[in-house]
Q: 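For reference, the structure I am asking about is given below.
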Amino acid sequence: MSSSQSHRLPSGGLIDRSAPLNFRFDGKTFSGFQGDTLASALIANGVKLVGRSFKYHRPRGILTAGSEEPNALVELRTGARREPNTKATTAELYEGLEAASQNRWPSLRHDVMSVNQLFAPIFVAGFYYKTFMWPAKFWEAIYEPAIRRAAGLGRAAGVADPDHYDKAWAHCDVLIGGSGPAGLAAALAAGRSGARVILCEEDFSLGGRLLADGGTIDGLPAAEWLSRTLAELAALPDVRIMTRMTLFGVYDGGTYGALERVNDHLPSPPEHQVRQRLWRIVARRCVVAAGAIERPIVFVGNDTPGVMMASAMRTYVARYAATPAKRIALFTNNEDGWRTVETALGSGLQIAAVIDARPDVSPAHRSLASKGGFPVLHGSVSGVDGGKDGVRKIAVSLTGGARAEVEADGLAVSGGWNPAVGLTSYHRGRPKWSDDIAAFVPDGAPPGMVAAGAANGAFGLGACLAEGFTAGSAAAHDAGHSGKAGTAPVADDEAFSLTPLWHVAGKGKAFVDYQHDVTASDIELAQREGFESVEHLKRYTTLGMATDQGKTSNVAGLAIMAAVSGRSIPETGTTIYRPPYVPVAIGAFAGHHRDETFHATRLTPSHHWAAEQGAVFVDTGLWKRAQWYPRTGEKDWLESVTREVKAVRGGVGFCDVSTLGKIDVHGPDAGAFLDRVYINTFSNLAVGKARYGLMLREDGIVYDDGTTSRLAEDHYFLTTTTAKAGLVMQHLEFCRQVLFPELDVQLTSVSDQWAQFSIAGPKTRDLLREIVDPAEDLSNEGFPFMGAREVALRGGIKARLFRISFSGEMAFEISVPARFGDAMARNLMLAGKPFGVTPYGTEALGVMRVEKGHVAGPELSGTTTAADLGLGKMMSTKKDFIGRVMAGREALVAPDRQVVVGVKPTDKARRLRSGAHIIPKGQTPGPGNDQGYVTSVCFSPTSDQWIGLGLVERGRERTGEIVQAHDPLRGEDYEVELCNPVFYDPDGVRQRG
Amino acid sequence: MRIACPFCGERELGEFTYLGDAKPVRPAAGASEDEVFDYVYLRDNVAGETSEHWYHGGGCRAWLKVGRNTLTHEISSVEPAAGAGARQAAK
């Protein structure tokens, strides 16, 4: 199996050679081992070309070994699980993995769009702005579709994601991001002190750079120290270690965002498991031990496959036993890069040369070179000869001007290290420049957070351990834990001498941002064209705006801008850092809030009974309400609804109205309280009576309406509309707690406690007598219109009965405890059989309310006053109430306001549509003569035509006038008559009967 | 963001609803239209310490007065509104 792995070392590495894995890349089968990433497995198989670049379609290889990777992006998996732009450097290998390269056609090796390189001059910085400016109409028709085809990297799956994503909360004293030496030392100190610790590690293995770079800690080899430390941490009761988990953001109040890739390392999640989990972690303190990112040097041909970060090169060799090259050249400006030479020599690889940009090299390295038999060239790389098959030759310009050439199949590059300052800068923090390491380091951090180790600019192993330990101990102490942290692990610091070098000038493309194909000359051009500010530079050239957010490119870009604009790097500054630190799938943010579980669903107490009846349900906010109850043979909804309306008006029907908001108002000041929140008076309402109430917002506009009953001297029962149930409760609590704290009153939401049914029609009393205890007097005298009181039902259950009518018929509403709602619906059907009882839905309810001219949601639109609704007379002049003063403003009492009026087409056969505008007859419609619109419509079985309500200028004075309904949305114009909004029983005889 | 409700303890933002500036006081009955207009509409656009009304609708339904810095989002104080059982909270 491993025989095909031509670039795998015979031994070593943290891979499990007893667990071989097959995988496919671009249709070709390869093998790797458990413990590989896709990138390390491709390297082990000698694959160098893994993708094409974004703009120029240049061949690209693997640059890094971590989540900062800009090049090696693949489409991972197939079908519905295909995920574009997945980093091969972090994708764990599993049996049967399938990946495909991106941004190439027809194949990676022969890519048609690579002709873009020939047109490179037009793809310079700002080319979108310069090239596609005119003619304007070409944009939608030609430019945009063409750009969309050519641009972008991977393809989305195009079908629904079959996997589940979860969201979870966690709480701890000390959160640690990163499990390198600093993070582990912090965890030891905090854990020993007794703090609750969560340690997040992005990788699937713990140890950070220790995994590749080794070292000696407490006199032990790093691997041994690591396993002892992990064992100690595992034994601590409150230390939780989470791998495959990236800390991506910090939010107010010590809340952190983290993404756990629970099952990304498997072909598909096991049954009942999620793919990823989004964590929100609340931590008293946070230690960011996120390490540092090695940075490239910008030189011509630096994107040739085979050019790789020096640290990545030795990671592949040491951790994965995979050799990116057989004969390696190193280009470095610092001491750390030499570690790659040591690792390579230790693994039997050949070193072609070291090109060191510093004036001098340490004696130890000099003797290493002579022992290894390779030259040390003082100078810099000026070009790379190679192509899609990788590096062949490297051109070197030596200090002093001479030139040299090095033959090698791999070039390791180290331009120094940038601390990962993302997390510490997310609250608009700006990192500060450190001359010592020629890099930005954190300058403070969000409250509760501290950086330690390489993330804080401390690069030596000893310094990382010491800083991590101190930070962990302090964090535990700050979080209230004073246990003994014991002694800190100790190690020596390596030398880190660096001579800054950002850019080697030369002819040809030298890439700064690999993922967005931004070159050094793009930055120079931006400067010449005046885009010197870093924020302008970023947007003009798109530097750092790709999915890697410029982790390997930003600082080099700033340095080049600084050089060409004659400023220092700190003067040039950085752009603002924003989360997430790594791309997070929208699916993870959504979690289970998708499809039918997008939001909670509320079912009415009679829902299951209604479903048995075959009801059609409609979504009303979170509620499912029965809209109508179709019967066999009915051809459409209108036929069903018309039947239901006629059944109510001619006999009896019932409807579940439990969705109305219900609030119990208790206390000696309950009446006074209601007087202040409603425009009309409730303190003088007799016990046992109900009254319709209207409440305003403080700005004088109508807020909500409903019926309120007085059940006892100090007890009112208030109802709200379905839509505003929660908001009215909030508003009333505000009035009670903030505005009128002197009133002795309490509010209790009882919306879910009561099942409420409207029973309507001339035979209502007949039906109710079958349900209610015969001792209760339901006669017109014993229970008059707007009566409200508790009654006993047959069988003894207590119910609340209200003689109120929304339909205009003789009607009651009856409330029973919600658990009896289902039984009530069944009993009404049973008891009502002799009277032909008919359940009706919200549609028939709406028809009857329009026929009766009652206002509802479309009229309570947030723009109407009480007077607009024809309810101006309800406004008491004898008391203060919410909205009273503002309702009296000039424009709110103007005589030409749009007010509620009835509308009906003059052609009785015509269908009226809501939304149609009302304009004077015979005029050409326009904004100048728009006098209002139709708000609610229905087919009225009683009137035998379509009718509606509208808000029309001076509408009440104009009844009888023929106007024009103009409906540009549907292309309709027709005549309608303005009329009394009460189409049915205008004198209200029926509801009082 | 997290708010330490005096009744429920520290809870996350999602349990709360923001209303606005807690400084304006509703004018007494009989106030002029101008006074009420100021109360309803006029707000300072503060960069710094503010006092705000928040509703703990996902918890105890108390209205709270929250001292918050609009520049740093730092919360300096949380008190129950006058009618939200302030005395019980103080115990």
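Proteins get letters first, then strands, A, B, ... in listed order; numbering begins at 1 in each.
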Q: Are Thr255(A) and Met1(B) side-chain neighbours, meaning at least one heavy-atom pair lies under 4.5 Å?
A: no
Q: Residue by residue, which of residues 52-67 of chain B have a heavy atom closer than 4.5 Å to a heavy atom belonging to chain A?
A: His53(B), Tyr55(B), Arg61(B), Ala62(B), Trp63(B)
Q: Pick one of side chain, backbone, both or neither for Ile882(A), based on which atoms fall under 4.5 Å of a heavy atom in chain B.
A: both
Q: Using a strict threshold of under 4.0 Å (side-chain N to carboxylate O), is an ion pair present between Asp252(A) and Arg68(B)?
A: no
Q: Looking at Gly30(B), Ala22(B), Pro27(B), Ala29(B), which makes the most heavy-atom pairs under 4.5 Å with chain A?
A: Ala29(B)
Q: Any non-hydrogen side-chain atom of Val282(A) less than 4.5 Å from a side-chain atom of Glu10(B)?
A: yes
Q: Which atoms of Thr72(B) come close to chain A, meaning under 4.5 Å heavy atom to heavy atom: side chain ones, backbone ones, both, or neither?
A: backbone
Q: Should we say atom CD of Glu49(B) is surrounded by more than 12 heavy atoms from elsewhere, each under 6.0 Å from it?
A: yes
Q: Measuring heavy-atom distances to chain A, does Glu35(B) have an atom under 4.5 Å in its side chain, in its backbone, in both, or in neither?
A: neither
Q: Do any of residues 730-744 of chain A come closer than 4.5 Å to chain B, heavy atom to heavy atom, and if so which ones, in number order?
A: Gln730(A), Glu733(A), Phe734(A), Arg736(A), Gln737(A), Val738(A), Leu739(A), Phe740(A), Pro741(A)
Q: Quick one: what part of Val36(B) sits under 4.5 Å from any heavy atom of chain A, side chain, backbone, both or neither?
A: both
Q: For Asn684(A), does the CG atom have more than 12 heavy-atom neighbours from other residues, nucleotides or ligands under 6.0 Å away?
A: yes
Q: Select, from Met729(A), Arg428(A), Arg884(A), Lys879(A), the one with the greatest count of heavy-atom pairs under 4.5 Å involving chain B.
A: Met729(A)
Q: Does any non-hydrogen side-chain atom of His73(B) lie less than 4.5 Å from one of His427(A)?
A: no
Q: Which bit of Leu19(B) comes within less than 4.5 Å of chain A, counting heavy atoms only: side chain, backbone, both or neither?
A: side chain
Q: Taking C-beta and beyond as the side chain, do Asp699(A) and Tyr41(B) meet within less than 4.5 Å on heavy atoms?
A: yes
